Amino acid sequence: MKNIEKGFEVAKELYAHYGIDVEKALEICDSTPLSIHCWQGDDVTGFEKSAGALTGGIQTTGNYPGKARNAEELRDDLDFAMKYIPGVKKINLHASYLEADDFVDRNEIEPKHFENWVKWAVERKLGMDFNPTYFSHPKSDKGTLSAADDKVREFWIEHGIRCRKIGGYFAEKTGETCVINHWTPDGDKEFPVDTLSPRLRLKDSYDQIFEATKDVKNVMDGIESKVFGIGLESYTVGSHEFCMGYVLSKKTDHIIMTLDTGHYHPTEMVSAKLSSVFAFTDKVLLHVSRPVRWDSDHVVALDDETKTIMEELVRLDKLQDTYIATDFFDASINRIAAWVIGLRNTRKAILAALLQPVGLMKELEAKGDVTGRLAYTQEFKSAPFGLVWDYYCLKKNAGIGTEWLDAVREYEANILSKR
Ligand code: RNT
Ligand code: ZN
C-alpha cells in the first residue's frame, strides 16, 4: 500500500509539472456515471418465461459455466462486480429482464414487472437506464418497428410505448434521468428492391411511440444505428444515415444519437464522429464495446479507440454531455470478470484522458505550433496514469491491480460453480 501512495506522489509531481491537477482529474473521473449493461451476466438471455434463442443478428459465443439463471442471481453477480468497478454507476436493463410469475408478452410489460430491480437500484443509489427488446421473440423475425405486417408493427410500437413509460417510472423512483436506447435489428440478408418503405415505417413507428408518450418525464432516447447484423448482411433499416437523420430532424432535447463502437465499418471510428455529431446535437449516448472484425461485442479493452474516444470527449469538453454505457457480451470467460475488466478499462480510459494538458495543447495548436502539438500528444501516451489509477482503486477499496481477480475466482469457486 505504501508503494501505491509513493507512486501516486511521483505521478502527481510529474503531472503538476505540466499544470495538471490530479485531484481534480480524479474527482471528474469518479463522478462520471458509467451505465453497466445487465446483459453481460447471462449472455443476453433475459428472464421471460418463454426465453428462447438470441436473435436479431447479435451473438454470444462460448459456454463458460456459472451464468445467472434468474434476476436474483444476476443482481448478486452485479453486486459482486460493482465492488471492483469504482466510481458512479447506473444499471442498464433490457425489457427482457422483467420479473413475473407468468408469461408476460412484450406488449404487456408494466412498471410492476421491474419493481425488484427498482428496489435494488434505489437501495444502492444507482440510476437506471432501459432498453426495449426488439429481438429474441417469435414476432421479430420479419422486422419489428419496420415490419410490413401492420399487426406485427403495432405490437412492437406498443412495446416501445410501454418501455418509455417504464423509463419514466425508473426516473421517478431513482430521481435520475433514465436513458433509453432504441435499437431494432430490422434488416435483410439480401438487397431489398424497395429499401425506402421499411425506413418510412420505422420513422412512423418512432413517431408514434414518442407521440403516445410525450408526457413521460426525465427520459432521454438514444436511437442506435448499425451497419449490419448476422443473417442481415445486406440491408439495415436503422442505418447510420437513417438514425442521424431521424434524430436531427426531430429537434427535441430528448431524442439523441446512440453511437455504438461496433456498429460501423471496421476502419470507421466513433472517436472521429463525435465532434461532427456535437456540432448539431447537445447530448450523445455512447455504447462502448469492442468489435473484432465485426460487431463481435468483445469485452472493452484499454485500446487506442477507447482511449481516443475519451480523449475526444475531454478535449471537446463533452464528457458531461455524453451518456456512457457499456455494451458487450462474452460467454467464453468468467462473466463477472468480463464486467470488471470492461468497466475498469472504460473508466481508466477516462482517467488517462483527463490527465493530459488539454489547455496547453490547445494553445499550441491555436498558435500554429504543430510541432509542439505532436510532441505533447505523443508524450502523454506513456504518462503514468496507471499509478494514479492504482491510488484511486486503493482509496475506493476497489482492488488494486489484479487483486479483484482473486476475489472473482473465489466467488466462482463458491457460487458460480455451484449453479
Ligand atoms: C446490437 C446493439 C444493441 C444490443 C443490446 C443488447 O448490435 O448494440 O445495443 O447490443 O441492446
Ligand atoms: Zn449497442
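Counting starts at 1 for both ligands and their atoms, in listed order. Please read these numbers as outputs of a predicted model, since none were measured by experiment.
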**Q.** Qualifying residues under side chain to side chain contact (heavy atoms under 4.5 Å, CB included), relative to Ile333, sequence neighbours excluded
**A.** Val299, Asp330, Ala338
Side-chain donor/acceptor pairs under 3.5 Å, residues 54-64, sequence neighbours excluded:
residue : atom : partner : partner atom : Å
Thr55   : OG1  : Ser136  : N            : 2.7
Tyr64   : OH   : Glu412  : OE1          : 3.1
Tyr64   : OH   : Glu412  : OE2          : 2.9

**Q.** Side-chain heavy-atom pair Thr32, Ile28 within 4.5 angstrom cut-off
**A.** yes
Are there any N/O pairs under 3.5 Å between ligand 1 and the protein, and if so, what are their distances?
residue  : atom   : partner : partner atom : Å
ligand 1 : 7 (O)  : Lys226  : NZ           : 2.7
ligand 1 : 7 (O)  : His263  : NE2          : 2.8
ligand 1 : 7 (O)  : Asp295  : OD2          : 3.1
ligand 1 : 8 (O)  : Glu224  : OE2          : 3.2
ligand 1 : 8 (O)  : Asp260  : OD2          : 2.9
ligand 1 : 8 (O)  : His263  : NE2          : 2.9
ligand 1 : 8 (O)  : Asp327  : OD2          : 2.7
ligand 1 : 9 (O)  : Glu224  : OE1          : 2.7
ligand 1 : 9 (O)  : Glu224  : OE2          : 3.3
ligand 1 : 9 (O)  : His287  : ND1          : 3.3
ligand 1 : 9 (O)  : Asp327  : OD2          : 3.0
ligand 1 : 10 (O) : Asp327  : OD1          : 2.9
ligand 1 : 10 (O) : Asp327  : OD2          : 2.8
ligand 1 : 11 (O) : His94   : NE2          : 2.7

(Q) Would you call the rings of Trp156 and His159 parallel, tilted or perpendicular, taking 30° and 60° as the class edges? (A) perpendicular
Tell me whether [X] is salt-bridged to [Y], with the criterion being a basic N under 4.0 Å from an acidic carboxylate O.
| X | Y | answer |
| --- | --- | --- |
| Asp43 | Arg335 | yes |
| Lys139 | Asp149 | no |
| Lys226 | Asp295 | yes |

Q.
Would you say that more than 12 heavy atoms from the other residues, nucleotides or ligands in this model lie under 6.0 Å from the NZ of Lys318, or not?
A. yes
Q.
For the Zn ion (ligand 2), what is the number of protein N, O or S atoms at a distance under 2.8 Å?
A. 4
Q.
Can you confirm if the NZ or CZ of Lys273 lies within 45° of the ring axis of Tyr264 and under 6.0 Å from the centre of its six-membered ring?
A. yes
